[in-house]
Q: 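Please find one structure pasted underneath; my questions will follow.
Below, chain A is the first sequence line, B the second, and so on; all start at residue 1.
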Protein chains: 2
Amino acid sequence: MAVVKNVALTETAAFGLGTVGALVAQRFADLIAPLDLKPKHVGLLTLLSSSGAASQLDMARAMGVAPSLVVRIADHLERLAAIDRVRDPDDRRRQTLTLTKRGRELLATCTEITEYLEEEILDGMSASERRALRSALRHVAENLGPATD
Amino acid sequence: MAVVKNVALTETAAFGLGTVGALVAQRFADLIAPLDLKPKHVGLLTLLSSSGAASQLDMARAMGVAPSLVVRIADHLERLAAIDRVRDPDDRRRQTLTLTKRGRELLATCTEITEYLEEEILDGMSASERRALRSALRHVAENLGPATD
DNA sequence: TGTCAATCATTTACTTGGTGAACGATTGAC
DNA sequence: GTCAATCGTTCACCAAGTAAATGATTGACA
C-alpha cells in the first residue's frame, strides 16, 4: 500500500503556491467587496495609475484578457465614477481611459487594504523571512514568465 | 503627482502570492489537461488516496465545495474509471468512493507532473532558498487558515 | 410499529467570469 | 476613393460554481 507518497505532494512549493495563492486572492476579493470592486477592477485601476491614460485594447493586452471583458470592467468603473472614458480625438475608434479623483481615492483605499492584508499574511514572520519570501516569489515569477520575453 | 506609490503595491507578498499562485495553478492545469483531468479532479483523487474510502459529502466538506459539484467531479472520474462508486450497504443513502487501480495510476502520473513543475518553478534557487519558500508558505497558510480551527 | 424530520445524492435552474465571432464606426495604405 | 485593418461593443456561448427542490433512505420516538 503506497499511501505515504501523497504526503510529499502537498508539501511541494507548487502545491503550496497554488493553494495559498487562491486563499490570498479570495481574502483580497472579500476585503474589496464592500467597495463594489473585484480584483480585475483593481487591476485595471492599478495599471492605469502606473501607465497614465491608455486605450481599452492596451489594458486588455496588459491584463491578458479579452477586449470584450475590458468593456465590462470599464463599464463598471465608469459607473463608479472611478475612470473617465473619452474618445481619442486623434483616433476616434480608441476609447481613452484615465483615472478620476474618485478612482485615485479608491486605489488608495485598495493600497491600504493590501498593506493590511500583507500584515495578516506575514504575521509572525521575521524581517529576513519576509525578505526571503518576496525574493523567492520574484524568482518563481521569472521562472514561470517566459511569456514576458 | 503620486504615481510612485503603486510600485510598492506590486512588490508586496500579497500581490506576489496572488499572481504567482494563479500562474502555477494555470501551468498545472495545462500539464494535466492531456490526462482529461482538471485540478479539482486531482484534488479529489488526492484526498481519496490519503483518506481511503469516503462519501461524497465527506469530499465536499474536505474540498470546501458544494455537494452538487462533487457529483459532477465524481461522474467524470467514474467515466475515466479512476474511482469506484458504490452504495454503502450500511447506509444506502451514502455513495462510497474508492480509488481504482487506474485512479492510482493517474494520481502517480500527476505526482510526476507535480515534481516536474516543482523543478520548473524552483529552477535556479538554492536548497536553502527552496526550504525558506516552503516554510514561508506553510506559515502563510497557517495565518490565513483560521477556518481550520 | 408507524410517522416524521433529517440526511445524502442528484437534478435543475441560476450566477459569474471568461471567450470568440459578428458588427459598426473609423482609420490609413495605396 | 476604395478597401482592408483596427477598436470597441454586443451577442451568444462555455465552464465552474452555487442553491433549491426532489427522491430515496435512515433513525428518533410517541
Q: In whole angstroms, how far is the P atom of D/dG17 from the CD atom of A/Q26?
A: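 After rounding, the reported distance stands at 12 Å.
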Q: For B/R27 and B/L117, which heavy atoms make the closest approach, and how far apart are they?
A: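 Answer, listing the atom of B/R27 first, then B/L117: CG-CD1, 3.5 Å.
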Q: In plain terms, say whether A/R134 and A/E118 are close enough for a salt bridge, that is, a side-chain N and a carboxylate O under 4.0 Å apart.
A: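 Yes, A/R134 and A/E118 are salt-bridged.
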Q: Mind checking side-chain hydrogen bond (donor to acceptor under 3.5 Å, both in side chains) for B/D75 and listing every partner two or more places apart, or none if nothing turns up?
A: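 If we apply the side-chain hydrogen bond (donor to acceptor under 3.5 Å, both in side chains) test to B/D75, skipping adjacent residues, the hits are B/R85.
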Q: In this structure, how many angstroms lie between the C1' atom of D/dA16 and the CE atom of B/M63, rounded?
A: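 After rounding, the gap between these two atoms is 12 Å.
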Q: Rounding to a whole Å, what distance do you find between B/I73:CD1 and C/dT10:P?
A: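 After rounding, the gap between these two atoms is 13 Å.
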Q: Give, for atom CG of A/L97 and atom CD1 of A/I83, the distance between the pair rounded to the nearest 0.5 Å.
A: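 A/L97 CG to A/I83 CD1: 5.0 Å, rounded to 0.5 Å.
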Q: If you find the nucleotide of DNA chain C closest to A/A66 and the one closest to A/D90, which residue's nucleotide is nearer the 5' end?
A: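 That would be A/A66.
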Q: For each nucleotide in nucleotides 2-9 of chain D, reading 5' to 3', give B when a protein heavy atom comes within less than 4.0 Å of its base, S when such contact involves only the sugar-phosphate, and - otherwise.
A: ---BBSSB
Q: Which atom pairs, one a donor and one an acceptor, fall under 3.5 Å between side chains of residues 57-74 of chain B and the rest of the protein, sequence neighbours left out?
A:
from: B/D58; atom 1: OD2; to: B/S55; atom 2: N; distance (Å): 3.3
from: B/D58; atom 1: OD2; to: B/S55; atom 2: OG; distance (Å): 3.2

Q: Whole angstroms only, please: what is the CG-P distance between B/L69 and C/dA9?
A: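 From B/L69 CG to C/dA9 P: 14 Å.
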Q: Partner of D/dA30 by Watson-Crick or G-U wobble geometry, both contacts under 3.5 Å, or none?
A: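 Per the H-bond distance test, C/dT1.
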Q: Provide, to the nearest angstrom, the distance between the CZ atom belonging to B/R72 and the C1' atom belonging to C/dC14.
A: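 So the two atoms are 11 Å apart, to the nearest Å.
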Q: In whole angstrom, what separates A/H76's NE2 from C/dT16's P?
A: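 Answer to the nearest Å: 12 Å.
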Q: Separation of B/K38 atom NZ from D/dC14 atom P, in whole Å?
A: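 Answer to the nearest Å: 13 Å.
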Q: Report the residue from A/V24, A/V20, A/V140 that forms a side-chain contact (heavy atoms from CB on, under 4.5 Å) with B/V20.
A: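 Looking at A/V24, A/V20, A/V140, the match for B/V20 under the side-chain contact (heavy atoms from CB on, under 4.5 Å) is A/V140.
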Q: Is the distance from OP1 or OP2 of D/dG17 to the nearest side-chain N or O of B/K40 less than 4.0 Å?
A: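 Result: yes.
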